[in-house]
K.L.:
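Structure provided below as structure tokens; questions to follow.
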Amino acid sequence: MWLSFGVFAVSTALFLFYVQTICQKALRREFSRPYFRDVLDAVRLEFPRLCEDTGLSRSLGFNDIRLALRCDFVMLEYLLKHADPARRPLPGQERILLLYFRWLLFWLPVRHAFRVREKEAVAKLAAILQHFANVVGERVSVNPPQLVENEAGL
């Protein structure tokens with residue numbers, strides 16, 4: 001019985017290590033230019049301000065930071081899924097990164113309650129949001145939206 005628990009614990013640890021490695025590889029991806037600036041100009045996102053504050057500051061409370069991260073994530077997730085005119089599915093790394101973001105955001109209150117590296121978690125969440133903004137900007141710039149002319153030629 002103990003052997004089963006040991007195998008389960010080792011398997012779970014290896015799986016989590018594998019997921020974290022995939023996410024770090026996706027975050028190291030180089031973009032040809034910083035597309036996230038274009039997305040920030042088009043959509044008002046809060047995560048750059050969180051990066052400047054380097055986490056929890058006195059000007060922003062924990063609930064404000066968590067709400068800002070969640071709202072930015074919902075907006076970027078929607079744009080990832082619907083901004084591409086070709087409606088290509090997300091690559092596997094981006095889908096895993098979406099789940100990883102949800103996982104980190106879910107455990108953020110626990111980190112806050114126990115004061116365990118919450119600034120690091122906020123910085124990691126902001127880095128993931130920046131990656132998503134770059135992906136959205138790249139997808140939109142590769143496939144610019146086509147202007148549809150009406151029948152009158154206007």
K.L.:
Kindly say whether L45 contributes a backbone atom to a donor-acceptor pair with the side chain of D72 at under 3.5 angstrom?
P.N.:
no
K.L.:
Kindly compute the distance separating CG (L125) from CG (L69), expressed to the nearest 0.5 Å.
P.N.:
5.5 Å
K.L.:
For the residue pair I96 and C23, what are the closest heavy atoms and their distance?
P.N.:
CG2-SG, 3.9 Å
K.L.:
Among L76, L97, L98, which residue meets the side chain to side chain contact (heavy atoms under 4.5 Å, CB included) test with I128?
P.N.:
L97
K.L.:
Less than 4.5 Å apart, any side-chain heavy atom of Q130 and any of N134?
P.N.:
yes
K.L.:
Restricting to non-hydrogen atoms, name the atom on V135 and the atom on E94 that form the minimum distance, rounded to 0.1 Å.
P.N.:
CG2-OE2, 3.6 Å
K.L.:
Looking at CG of L27 and CD1 of I22, how far apart are the two atoms once the value is rounded to the nearest 0.5 Å?
P.N.:
12.0 Å
K.L.:
Measure the CZ-OG1 distance between F5 and T12 for me, rounded to the nearest 0.5 Å.
P.N.:
11.5 Å
K.L.:
Just wondering, do R29 and E138 contact through their side chains at under 4.5 Å, heavy atoms?
P.N.:
yes
K.L.:
Let's go through F101 and L129 carefully: what are the C-alpha distance in whole Å and the side-chain angles of both, what is the deciding distance for side-chain contact (heavy atoms from CB on, under 4.5 Å) to 0.1 Å, and is it a yes or a no?
P.N.:
CA-CA 9 Å; F101 183 92; L129 288 175; 3.7 Å; yes
K.L.:
List the atom of R139, the atom of P89, and the distance in Å for their closest heavy-atom pair.
P.N.:
NH2-O, 3.3 Å
K.L.:
Give the ring-plane orientation class for F73 versus F132, where under 30° counts as parallel, over 60° as perpendicular and anything between as tilted.
P.N.:
tilted
K.L.:
Name each donor-acceptor pair under 3.5 Å that joins a side chain in residues 102-111 to protein atoms two or more places apart or in another chain, with its distance.
P.N.:
unit_1	atom_1	unit_2	atom_2	d
R102	NH2	E77	OE1	3.3
R102	NH2	E77	OE2	2.3
R111	NH1	R117	O	3.2

K.L.:
Can you find a pair of side-chain heavy atoms, one from Y100 and one from R95, that are under 4.5 Å apart?
P.N.:
no
K.L.:
Suppose we screen for ring-ring contact (aromatic ring centres under 6.0 Å, His included). Which residues come up paired with F31, at least two apart in sequence or across chains?
P.N.:
H131
